[in-house]
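Only one structure is covered here, and it is reproduced in the block below.
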Number of protein chains: 2
Amino acid sequence: MVDLNTLPEEEDRAPGADDGMDPERFAAICKALGHPVRVRILEYLKKIDRCVCGEIVDILPLAQSTVSQHLKVLKSAGLIMGEVNGPATCYCLDRQALAGFKALVYRL
Amino acid sequence: MVDLNTLPEEEDRAPGADDGMDPERFAAICKALGHPVRVRILEYLKKIDRCVCGEIVDILPLAQSTVSQHLKVLKSAGLIMGEVNGPATCYCLDRQALAGFKALVYRL
DNA sequence: CTATTTAATCGCCGACCTACGATAAAGAAG
DNA sequence: CTTCTTTATCGTAGGTCGGCGATTAAATAG
């Protein structure tokens with residue numbers, strides 16, 4: 001028996017159900033992935049698991065403010081998480097969200 | 001053992017190979033999917049396999065020119081194909097391209 | 001040939017995106 | 001307290017996006 005309490009809005013996905021996903025939410029995630037820099041950031045975060053923002057600034061030929069904005073976009077889309085750690089901020093991939101996105105892509 | 005010399009463009013994807021994809025191309029496809037209307041069009045084309053442009057205009061609350069533009073974006077991204085059929089144009093999903101995209105997402 | 005139908009393209013507009021430098025905020029270090 | 005480090009935010013400039021109506025192009029119908 002499935003616990004319905006823990007899933008307020010996203011119906012419990014039977015394996016064969018290929019009924020409508022939410023195009024708005026799906027498109028929003030795709031939009032966040034719709035920039036090469038953000039894709040690179042995501043790949044980097046997957047590789048090293050977690051890192052501080054400045055590290056990402058170092059590997060990209062972009063200003064710190066620009067990188068910060070891209071991180072914000074990824075975070076708003078729910079693809080990454082950031083926790084403040086002293087004066088720095090530590091970012092990491094939200095692997096659960098990424099898995100959810102993959103599931104949506106697969107029913108495409 | 002992996003042959004590093006050959007990698008003309010789209011190597012035949014060994015199951016375990018999660019080396020670098022092209023972030024530019026991947027982002028370009030995501031960008032095309034980054035609008036709810038285009039996601040809906042893609043889902044519709046998947047359902048009915050092929051249809052004429054006007055049919056898509058009918059199911060969407062948008063002007064014909066707007067729909068035409070969205071179709072152009074999807075076509076430029078390589079996700080759909082369109083063939084002229086008399087005065088009309090018949091669109092259909094490029095299932096191979098979609099499968100390729102899914103493969104990219106899965107190595108994300 | 002002249003309509004009619006169907007799509008694509010053009011031009012316009014407001015909104016959003018992406019880059020940057022400058023500035024603000026907040027903790028660590030002296 | 002002051003300074004340094006690290007990140008987020010602001011403001012701005014140029015470009016792109018997304019919508020529309022109007023127009024053009026191409027094939028069919030009469």
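Below, read A as the first sequence line, B as the second, and so on, with proteins coming before strands; counting in each chain starts at 1.
- In this structure, the side chains of B/Val52 and B/Asn85 stay at 4.5 Å or more apart for every pair of heavy atoms.
- Smallest separation of non-hydrogen atoms from A/Ala97 and A/Gly78: CB-O, 3.1 Å.
- In this structure, B/Lys102 satisfies the cation-pi test against A/Tyr106, with its NZ or CZ atom closer than 6.0 Å to the six-membered ring centre and inside 45 degrees of the ring normal.
- Side-chain contact between A/Leu79 and A/Leu33 is present, with heavy atoms from C-beta onward closer than 4.5 Å.
- Counting to the nearest Å, the C1' atom of C/dA7 and the CG atom of B/Leu71 are 10 Å from each other.
- Extent of DNA chain D lying under 4.0 Å from chain B heavy atoms, first and last nucleotide in 5' to 3' order, is D/dC17 to D/dT28.
- Place B/Pro87 and A/Lys75 on DNA chain D by their nearest nucleotides, and A/Lys75 ends up nearer the 5' end.
- Counting any heavy atom pair closer than 4.0 Å across all strands shown, A/Thr89 reaches sugar-phosphate atoms only and no base atom.
- Each of A/Val84 and B/Val57 has a nearest nucleotide on DNA chain C; the 5'-most of these lies closest to B/Val57.
- The shortest side-chain heavy-atom distance between B/Ile59 and B/Ile41 does not fall under the 4.5 Å cut-off.
- The aromatic rings of B/His35 and B/His70 sit tilted, their planes meeting at an angle between 30° and 60°.
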Base versus backbone protein contacts along nucleotides 12-24 of chain C [heavy-atom cut-off under 4.0 Å; B, S, -]: -----SSBBBB--

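- Between the side chains of B/Tyr91 and B/Glu83, no donor-acceptor pair of N or O atoms lies under 3.5 Å.
- Partners of B/Asp49 according to the side chain to side chain donor-acceptor pair (under 3.5 Å) rule, which considers only residues two or more places apart in sequence or in another chain, are B/Arg95.
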